[in-house]
Amino acid sequence: MKDQDYELEKRDDGWAYVMDGRHSPVYASREAAIEAAKGATKPATFDQELDDELEEGLEETFPASDPVSVTRSDHLGSPDRNKKD
């Protein structure tokens, strides 16, 4: 994201930047939004563990014709069959 044009926007809960028509996550301070826009920090939505899983999947399946899909479930185990809808 370095050396790209961006605009800052004041939000009710902080600051965001807009780059190429896309809005960033909201940052607590104007300075934090500027640092993120310049690429000094990773976005708040960056997930290193998920990124590592994707990279590992890509390495293990190369060369392949189908893209790797990494998904995560917040629910562990089998569905609760006793639960009433």
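In this chain, residues are counted from 1 in sequence order. None of these values were measured; they are calculated from a predicted model.
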Exercise. Just say parallel, tilted or perpendicular for the rings of Y27 and Y17, cut-offs at 30° and 60°.
Key: parallel

Practice problem: Evaluate the side chain to side chain contact (heavy atoms under 4.5 Å, CB included) criterion for residues I34 and R30: first the C-alpha distance (whole Å), next the side-chain angles of each, then the deciding distance (0.1 Å), finally the verdict. | Solution: CA-CA 6 Å; I34 291 171; R30 186 176 193 273; 3.5 Å; yes

Quiz prompt | With sequence neighbours excluded, residues passing side chain to side chain contact (heavy atoms under 4.5 Å, CB included) with E9 | solution =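 E9 satisfies side chain to side chain contact (heavy atoms under 4.5 Å, CB included) with R11, V18, H23 only.
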
Quiz prompt | For the student: nearest non-hydrogen atoms of A33 and L8, plus distance | solution =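 Nearest heavy atoms, A33 then L8: CB-CD2, 3.9 Å.
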
Self-check item: Spacing of S24 atom OG and Y6 atom OH [to the nearest 0.5 Å]
Solution: 11.0 Å

